[in-house]
Every structure is written in structure tokens, then in C-alpha cells.
Amino acid sequence: MVEEICRFCGRVAIKTSRGYSLCRYHLLAYDNLHSAYEAWKERLGELTWGNFLRKASELPDTGAWVKDIALAELQKEQ
Amino acid sequence: MSALQSLTSRGDYTLVICEKPDAARRVAEALEERPEHYKIGYSEVFLVERGEKRYVICSSLGHLYTVADLVKRRSIYPAYDVEWVPISQAEKSARIAERIRVISELAKKANFFINSCDFDVEGETIGYNILRYACGGKETVALRAKFSTLTAEELRDAIAKAKPGLGGNLAEAGRTRHIVDFMYGINLSRALVESIVSATGGYRTMSIGRVQGPTLSYVVEREITIRNFVPLPYWSADAIIQKDGRRLTANYEKEKILQLKLAQKVIDDCTGKDGTVKEVKKSVFREPPPTPFNLGDLQREAYRCIGLTPSQTLYMAERLYLDALISYPRTSSQKLPPSINYKKILTGLTAMTGFRDHAFLLLSGKLVPHEGPKDDPAHPAIYPTGEIPKRSLQPKEFKLYALIVRRFFAVFAEDAIRERVAAIIDIAGHIFKVNGRTTLRAGWLAYYADFISHQDKPIPDFVEGEKVKVLRVKLYDKFEQPPPRFNQSSLLAKMEEDSIGTKATRAEIIHTLYSRGYLAEASMSATSIGFSVVETMQAHSPAILSIDMTREIETSLERIEAGGIDGEQVVERVMDELGKSLYSMKRAEAEIGKRLNSAVRSVVAEENTLGTCPVCKEGNLIIIRSRASGKRFVGCTNYAKGCRASAPLPQRGIIRPLRKACKTCGWPTISARFSRFPMTFCINVQCPTKGKKWVRNG
Ligand SMILES: [Zn+2]
């Protein structure tokens with residue numbers, strides 16, 4: 001059996017989500033990104049997934065692993 | 001007759017063993033102004049005759065003995081067969097071999113022994129090992145001298161009142177700590193190194209240990225949080241009001257408004273409206289003086305005020321101690337007992353212009369220190385001895401000394417009394433606050449002013465019901481921030497809080513994590529090697545990363561100190577635990593090696609990249625080692641395309657890219673560490689700053 005590796009960092013993948021193989025760090029980033037989207041909508045009102053991704057990936061304090069996921073999701077959007 | 005023979009020929013003396021050469025000189029000079037001085041090879045020995053008694057005073061160089069494994073092959077683990085051997089045997093040091101020989105010779109003709117090493121677990125261990133191995137089993141009959149400063153008076157007193165030792169428990173605890181740490185360190189580190197060897201055939205120094213493990217783990221955990229952080233938006237608002245011709249900022253009562261529509265409503269409601277003063281709140285509060293310094297407090301404060309790293313502070317503080325300017329710095333205590341003689345110290349300090357006025361001022365009042373809760377059985381908090389420096393101190397060293405003196409002053413001073421004023425202003429039903437703060441009595445702040453900022457912010461008098469003109473209200477878009485990365489000071493505080501390591505070793509452990517390449521930059525981020533080591537340990541030896549195991553061992557060591565258990569029991573348990581981890585690592589050796597190696601390669605590539613080439617603006621400047629000469633220099637990755645940008649590098653020391661361009665010429669800057677104090681400079685030989693000497697930033 002070939003070990004699945006995380007498509008972002010090469011660590012051992014523990015889960016495949018929406019077509020990505022993710023390590024435990026990137027899986028956490030993936031989950032954080034999705035729950036943050038809900039929180040952003042709650043605070044800002046209307047907000048599309050695409051706009052959220054664009055804004056979140058530009059912020060300097062967004063974590064590096066979250067940015068990996070956000071940019072990949074953004075590509076899917078386009 | 002050799003110096004050693006003439007010294008020992010008469011016999012019948014007390015051999016006094018000190019921890020360091022400077023301490024031996026101080027002890028000798030305390031007993032007699034001009035002691036007879038013998039130079040035997042590298043070692044200095046003093047002879048003092050005092051009434052009937054004769055003292056021969058010699059010194060160690062810190063530890064002379066170390067734990068080593070009997071099987072000396074680096075590639076073999078587990079290594080459980082350990083013993084105490086002269087450091088000279090483990091590391092080949094002629095100085096230490098000679099020192100042990102001199103002490104052994106001196107011991108043969110001595111009829112009494114005094115252990116005069118620093119009075120704590122480490123000093124006890126150093127003295128015990130020398131008495132046992134170099135002096136031929138004198139550890140049970142030797143007397144113990146106890147002191148906290150190297151001033152003449154205290155040393156004379158300590159030698160005169162030396163008492164039978166503490167019964168070896170303290171030394172047994174110290175010796176067990178060394179054995180346990182050695183076993184963890186050597187075995188797990190060998191397992192890491194061997195995995196790289198088995199995967200690549202190459203060697204790289206790797207280490208992990210009982211204290212390194214949890215410390216590295218803190219940084220990695222924090223890094224994971226930061227890399228997975230998503231900032232959430234929030235808003236804040238303020239109003240600019242006009243009062244007596246002054247513009248003042250009034251902050252909206254809630255620091256964070258969590259919904260845009262609520263924030264927008266505040267602005268919409270308030271725009272164009274004036275305000276009314278609803279209430280003026282005044283409160284007087286006291287700020288008690290700080291507590292006396294223990295080592296951790298001093299290291300944190302020196303980092304904050306002087307920019308010294310914890311290991312630099314410890315190093316400098318030890319020199320000040322050896323110069324008898326301050327008391328023993330490796331202490332946990334925040335207490336200053338009256339026996340240190342406050343008056344004498346302050347009177348001594350009046351001889352220095354910079355301290356004179358404040359020392360006199362304190363002398364005119366009652367002297368009661370504001371102590372903290374922490375205590376140390378061996379030493380009081382750090383305090384100045386009141387002696388005048390006999391050599392000129394380096395600028396940073398003087399600052400550290402001044403910090404210790406000023407802190408000593410501050411703990412005896414009165415509380416500061418300050419007043420907080422808040423004018424509560426209602427604008428269209430929303431509450432804003434103008435905050436002010438003034439000092440009514442400076443108290444200790446006056447003594448500590450060089451090291452603390454306590455800026456006052458007075459505001460005009462507001463009256464309830466008064467109308468105020470609002471010039472504008474404004475909304476700010478903000479985002480929540482991730483927790484900060486650790487710095488040397490906050491990591492040290494965290495180790496202290498969780499009782500990881502000892503006050504004497506914490507700074508050195510942080511230093512090691514850097515030198516192994518596990519951490520990068522001043523704001524500590526974990527490198528891929530750091531991550532990889534932690535991930536390996538999580539899989540095979542999770543206990544080494546957790547503070548629970550360390551806590552358990554610390555508790556056992558305390559029980560040894562109290563005489564409840566013996567060291568062997570503790571060591572046996574450690575072997576049990578360790579065996580399981582090592583077995584698991586051995587089985588996964590190749591896999592671990594492959595991962596570690598790829599982490600090492602990515603970090604090395606990053607460490608060798610200095611920045612974009614300022615000449616071709618396309619390639620990167622990287623550190624290259626010449627195959628022909630073995631020398632390192634800087635070249636551009638665009639060399640093949642014709643870019644000839646290059647620069648020489650110092651051939652010694654560890655070089656790190658600073659990721660900052662030189663302000664003068666735009667070339668990359670680097671730091672080079674030859675000693676404890678790194679130098680930073682621009683690599684460009686043509687740079688106008690080159691006329692000057694390299695800038696020390698230590
Ligand atoms: Zn990953």
C-alpha cells in the first residue's frame with residue numbers, strides 16, 4: 001500500500017477531504033478555515049465563499065497552512 | 001623542590017576546595033591580605049596561615065567529573081552502563097587532568113577538608129565528586145562553608161563556621177539528575193543520529209533530552225497554532241472631543257464590537273451629535289514596589305530593559321558575582337533577610353556618584369524590603385554587595401549592574417500612589433470614555449525610573465452634566481491576532497512556570513535548540529527540523545515531550561534530597577521507560593531517518609540563502625563552500641547566466657542570514673556568532689559602513 005501524503009507539505013496524510021489528501025496540520029487548517037467562514041458571515045453579514053477566501057488569504061496574520069488551503073480553494077472557485 | 005612539594009612538605013593543613021579560580025583567590029584574600037601564591041602549571045593555589053591554622057586553597061573549574069557511558073561507541077544504544085569519570089577522560093582536556101592531579105596531591109597531606117563550592121545542588125555535586133574521587137573518599141568527613149556573596153567578611157565567616165556536611169542527600173540528588181539527564185540525552189540523541197546515518201550514511205549532530213523535549217514542544221505547539229490561525233474581524237470606535245481648547249480621544253466603551261451592523265449603528269447615531277458628561281470617576285490606587293530579583297526575574301527584566309538574552313545575563317551576572325559586586329545569582333529566592341545588612345550595602349553604594357543620592361535617601365528611613373513569595377533554601381535574592389567595582393565594567397555589564405542596584409533600591413522604597421480619572425461621556429445614548437492617569441507620589445518609581453516608563457496622562461477637569469463638542473466619530477476595521485511567538489524571555493518564563501530544567505540550565509537549553517537548527521530567528525519559529533524531531537518523539541517517545549514526566553522526576557529528586565528514596569530507584573525507572581521508546585525507534589529507524597534528513601536539507605537550503613541578489617535582481621545570494629579551498633563565500637545563483645556578485649565571509653563562527661537589507665547599500669546583512677555575543681554586518685565589501693568596525697549587537 002502506498003502511503004498517502006499531504007498535498008501541501010508531504011507529511012503523512014490522515015484524511016482525504018474535498019479531493020485533498022491532508023496531514024493533521026493541514027486538516028486542522030481546513031477545518032479552521034471553514035469555521036472561520038461561518039464566524040465571518042455572522043460578523044460581517046453577507047459574504048460569499050470566494051470573497052472570504054480572497055480576503056483571508058491576503059491578511060498578514062492568516063496562518064501559513066490556512067493560506068495553503070485558502071489559495072487552493074480559491075483556484076477551485078475560479 | 002617543585003612548587004607543589006614546597007607547599008605540601010609541612011603537611012598539616014586544611015584543604016579548601018572552591019568552585020572557580022576567582023572564588024579561590026577571594027577566599028584566600030579574605031583570610032589574609034597577601035596570601036602566599038603558588039602557580040602549579042595552569043592551577044593557582046594559595047597558602048594562608050591564620051593563628052594556629054594553615055589553609056591551602058585550591059579551585060575546581062566548575063565540574064571536573066562528568067557522567068559517561070562505559071561503551072564508548074557513538075553508534076551503540078541503549079547505553080545504560082554509566083559512571084562518573086574525569087571530564088578530561090571524556091573530552092580530552094589537559095587543563096582538567098592537571099587540575100585533578102594537583103588537587104589529589106594536595107589532598108594527600110591535608111588533615112581537614114572544606115567544601116567551599118557555591119552553596120546549591122550543583123556546587124554540592126561538584127564538591128562531592130572532587131572529595132570522593134580526587135581526594136580519595138573524603139566526601140563524608142569534609143566540612144561545608146556556606147556563603148551567598150564573595151565579600152571578604154562573609155567568606156571569613158563561612159570558613160570559620162564551616163560545619164559537617166548535609167549528609168550527602170543534596171549531592172545524591174544532584175548526581176542522580178546528571179545520570180538521568182545523561183541517559184535520556186545520550187540514548188534518544190543517538191537514536192536520532194543513527195536514524196540519519198542509516199537513511200543517508202551521513203552524520204549530523206542531533207539531540208533531544210528531558211529538558212530540551214518539552215521546551216521544543218512549547219515552541220512547536222505555538223507554531224502550529226499560529227500557522228493554523230484565521231483572524232476574525234471586529235471593529236472599534238472612538239470620538240475626538242474638544243475641551244478647553246484641547247482635542248481629546250474618547251474611546252467607545254466596548255473595546256471590540258463584534259458585528260459590523262452594530263458598529264455602523266454607533267457611528268450613524270453619533271455623527272453630528274454633541275456629548276454630555278455623565279459621570280467623572282476618580283480612583284486612587286497604590287502600586288507596590290517590585291520584589292527582589294531571583295535569576296528568572298533578572299533574566300526577564302534584563303531582556304526587557306537592556307536586550308540581553310537569558311544566557312548573556314547569566315554569564316554577566318556570574319562575572320559580577322566573581323567580582324564580589326553582587327550576591328550569588330543562581331537563586332530562586334525573592335527574599336532579602338536582614339542578615340545581609342541593608343545599611344552596610346546602602347552605605348557602600350553612597351560611594352558611587354550615580355547611586356549616592358538615592359542611597360542616602362533610603363538610609364534616612366526605615367528599611368523593610370518588599371519581598372516576593374518565592375524562596376530558596378540556599379541563597380537570598382540577588383542584591384548588590386555595596387563594594388565598588390575595581391575594574392571598569394563594559395557598558396552592558398554596567399547597565400545590568402545598575403539594574404540590580406536600582407531594583408535593590410526600589411524594593412525598600414514606598415508604594416507609588418497614582419490616580420486614574422475617567423470622564424464618561426454620553427453621545428446619542430452611546431458611552432465613550434476619556435481616560436487619564438497621574439502620579440500623586442512617585443515612591444519606588446523614582447528609584448527605578450531608568451528601567452520603567454510610567455508616563456502620566458493628565459486630562460482637564462470635567463464636570464457632570466457639562467456639554468462637550470464632538471469633532472468626529474470614527475470606526476476602525478480590525479482583526480484578531482494570533483498568539484505571539486515565544487522570545488527568549490517568554491520561553492524562559494514558561495519553563496520556569498512549568499518547572500522545566502533548573503535555574504542554572506534553562507538559558508543554555510534555549511541556546512542549544514538554536515544551535516541544533518531547531519529554532520530560527522529572534523522571534524522563535526520552529527524550523528522543519530524542530531517539527532520533525534517533535535513528530536518523531538510524538539510517535540516513539542511521547543513522554544520526553546511532556547512536562548508530566550519531568551515533573552515526576554523532579555519530585556523524585558526532591559525525595560532523594562529529603563532522604564526518602566535513593567538515586568538508584570529513580571534511575572531504574574528511567575531505564576524501564578527509555579527501553580520502550582528506544583525499541584520503537586530502532587524498528588522505525590530508516591523511516592525516521594528519511595524524514596529528519598529531508599527536514600535538515602530544507603533548513604540548510606534556507607539558512608544558506610541570504611536574499612535576492614542586489615546586482616542582477618533575479619538570482620539569490622547564497623553561501624557557497626569552495627571545493628578547492630574549503631572556504632566559504634557568497635555567490636549569486638545566477639552565476640551561470642553571468643552574474644558575478646560575490647562577497648567574502650568570516651571563516652569561523654555560525655552565520656545566519658538576518659533577512660534584512662543593509663540600510664546603506666541594500667545588500668543582505670548577516671549575523672556571525674563567534675562567542676556568546678553575535679556580530680551583525682553587511683556582507684558587501686564596497687559598503688560605506690565597512691570603514692567602521694563590525695557592529696556588536698550583543
Ligand atoms: Zn500538510
Side-chain angles (χ1 to χ4, degrees), chain A residues 1-15 17 20 22-74, chain B residues 220-236 254 256-265 475-485 520 523 525-536 538-539 588 590-592 594-603 606:
Chain A
M1 191 189 88
V2 183
E3 210 170 34
E4 287 265 4
I5 59 164
C6 173
R7 83 169 246 194
F8 297 103
C9 69
R11 286 184 176 84
V12 179
I14 58 165
K15 195 178 169 185
S17 212
Y20 307 132
L22 299 174
C23 68
R24 61 191 167 109
Y25 303 137
H26 278 99
L27 180 64
L28 187 59
Y30 181 91
D31 291 344
N32 282 358
L33 190 69
H34 282 80
S35 53
Y37 177 50
E38 295 307 315
W40 276 52
K41 279 196 290 189
E42 171 108 18
R43 293 183 178 202
L44 275 160
E46 280 292 283
L47 181 68
T48 66
W49 177 236
N51 280 340
F52 164 69
L53 292 172
R54 245 181 300 283
K55 184 74 192 157
S57 59
E58 281 164 11
L59 290 173
D61 284 333
T62 299
W65 290 330
V66 176
K67 278 187 185 168
D68 289 340
I69 307 277
L71 292 172
E73 287 284 296
L74 210 51
Chain B
V220 167
E221 288 302 320
R222 178 65 56 88
E223 192 66 29
I224 292 172
T225 309
I226 291 170
R227 291 191 193 176
N228 276 325
F229 185 79
V230 193
L232 299 184
Y234 71 90
W235 296 265
S236 70
K254 285 187 189 139
K256 290 180 176 180
I257 310 169
L258 297 184
Q259 282 192 312
L260 179 59
K261 62 172 190 267
L262 296 181
Q264 199 56 57
K265 183 172 183 335
L475 188 66
Y476 300 87
D477 290 335
K478 290 187 175 167
F479 288 92
E480 270 153 20
Q481 289 193 330
R485 290 203 165 84
S523 71
S525 53
T527 64
S528 353
I529 310 179
F531 265 97
S532 217
V533 168
V534 166
E535 286 159 11
T536 304
Q538 270 164 351
E591 188 54 33
I592 295 172
K594 214 174 79 190
R595 286 183 205 287
L596 285 176
N597 188 53
S598 91
V600 168
R601 285 167 62 162
S602 75
V603 169
E606 199 173 305

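Every chain is numbered from 1, with letters handed out A, B, ... down the list of sequences.
The shortest distance between side-chain heavy atoms of A:Tyr25 and B:Glu535 falls below 4.5 Å.
Note that CG of B:Leu232 and CZ of A:Arg43 are 4.5 Å apart. Values are rounded to the nearest 0.5 Å. Atoms CG and CZ, from A:Asp68 and B:Arg227 in turn, are 10.0 Å apart once rounded to the nearest 0.5 Å. Rounding to the nearest 0.5 Å places OH of B:Tyr234 at 14.0 Å from CG of A:Leu44. The distance from the CG atom of B:Asn228 to the CG atom of A:Asn32 is 5.5 Å, given to the nearest 0.5 Å.
If you measure heavy-atom distances from A:Leu28 to chain B, the contacts under 4.5 Å come from both the backbone and the side chain. Contacts of A:Lys67 with chain B are absent, with no heavy-atom separation under 4.5 Å from either backbone or side chain.
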Inset, instruction - Before giving the answer on side chain to side chain contact (heavy atoms under 4.5 Å, CB included), spell out for A:Val12 and B:Arg595 the whole-Å C-alpha distance, their side-chain angles and the decisive distance to 0.1 Å. - result: CA-CA 10 Å; A:Val12 179; B:Arg595 286 183 205 287; 3.2 Å; yes

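Summarising the local packing, NZ of A:Lys41 is surrounded by more than 12 heavy atoms from other residues, nucleotides or ligands at distances under 6.0 Å. Residue B:Glu480 places its CD atom among more than 12 non-hydrogen atoms of other residues, nucleotides or ligands, all under 6.0 Å distant.
For A:Trp65 and B:Phe229, the gap between ring centers reaches or exceeds 6.0 Å.
The two residues B:Pro231 and A:Trp40 make their nearest non-hydrogen contact at O-NE1, 3.0 Å.
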